[in-house]
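I have placed the structure first, in the form of structure tokens, so that the comments after it can refer back to it.
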Amino acid sequence: MGNVILIGFMGTGKTTVGKALAKALQLPHRDLDEEIVAREGCSIAEIFQSKGEPYFRDVEAELLDKLLREQAQVLTTGGGAVLRQKNVATMLERGIVIALTASEAELIRRLECDSQRPLLAGGAAERIKALLEQRKGAYDFAPIQIDTTEKTVDAIVAEIMARMVENDPSGKD
Ligand code: S3P
């Protein structure tokens, strides 16, 4: 089995679903944001603050490429990992890409008390609305799209597994 890569806007449940999906598929789970934090030795908020977003995006791209040189893993990515075309090409080439989505109201509900995400600082609801607009279509390249709104993690994992079989009936992916 190749790589299974989860993409999607902040709050769509990538990390939670990725962990459960990895367990169901009996694959290791890696998380791109966690790898960035481990490599830099500080939190994402601190990286944004002290080194800036372009630096964060460079590290993100470098580690995405490095992690996807491995096979047979569930990789969860940060919501902005799709912003560079090179990252999109790398993901499509080295795994099956699954986009998680959720309604705007659900994202606001899930993220309104968040204090960890630098891009939501200064008013989560307004920032979410603006970023959703800016990123319109950015996650559409994934051949599998899963709406997570009002669904349990188990239901989402079952839906992903069914869609993966439909997408690759030979099971060779
Ligand atoms: C970001 C999403 C975050 C993290 C960083 C930037 C984004 O990951 O990578 O704060 O640009 O959407 P999550 O999607 O896991 O919150």
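Each ligand, and each atom within it, is numbered from 1 in the order the structure gives. Computation of the quantities below employed the complete heavy-atom set of this structure, encompassing side-chain atoms and omitting hydrogens, waters and symmetry-equivalent molecules. Because the structure is predicted, anything quoted here is derived from the model rather than measured.
- Nearest to atom 15 (O) of ligand 1 among the protein's heavy atoms is D33 OD2, 3.5 Å.
- Screening L32, I36, V59 against L64 for a side-chain contact (heavy atoms from CB on, under 4.5 Å) leaves a single residue, L32.
- A salt bridge is defined here as a Lys NZ or Arg NE, NH1 or NH2 lying under 4.0 Å from an Asp or Glu carboxylate O, and E35 with R39 fails to meet this definition.
- Among all non-hydrogen protein atoms, the one lying nearest atom 2 (C) of ligand 1 is G79 N, 3.3 Å.
- Contact annotation for L119 and ligand 1: only side-chain heavy atoms (C-beta onward) come within less than 4.0 Å of the ligand.
- Contact annotation: for P118 versus ligand 1, heavy atoms closer than 4.0 Å belong to the side chain alone.
- In the candidate list R57, R135, K14, E60, K14 is nearest to atom 14 (O) of ligand 1, counting heavy atoms.
- Note on R84 versus E60: no salt bridge recorded, every NZ/NE/NH1/NH2 to OD/OE distance being 4.0 Å or above.
- For atom 7 (C) of ligand 1, the closest non-hydrogen atom of the protein is G80 N, 3.2 Å.
- Atom CG of L107 sits about 10.0 Å away from atom CZ of R109, to the nearest 0.5 Å.
- Residue L100 forms a side-chain contact (heavy atoms from CB on, under 4.5 Å) with just one option from I144, I160, T16, and that option is I160.
- L63 and Y55 fall within a single hydrophobic cluster, where Ile, Leu, Val, Met, Phe, Trp and Tyr are joined by side-chain heavy atoms under 4.5 Å apart, directly or via other members.
- Of the heavy atoms in R117, only side-chain atoms (C-beta onward) come closer than 4.0 Å to ligand 1.
- Every atom of ligand 1 is numbered from 1 in the order shown, and the set under 4.0 Å from a heavy atom of G78 is 8 (O), 9 (O), 14 (O).
- Salt-bridge formation is not detected for the pair E62/K66: no Lys NZ or Arg NE/NH1/NH2 atom is positioned less than 4.0 Å from an Asp or Glu carboxylate oxygen.
- Close contacts between ligand 1 and I44 involve ligand atoms 5 (C), 10 (O) [criterion: under 4.0 Å to a heavy atom].
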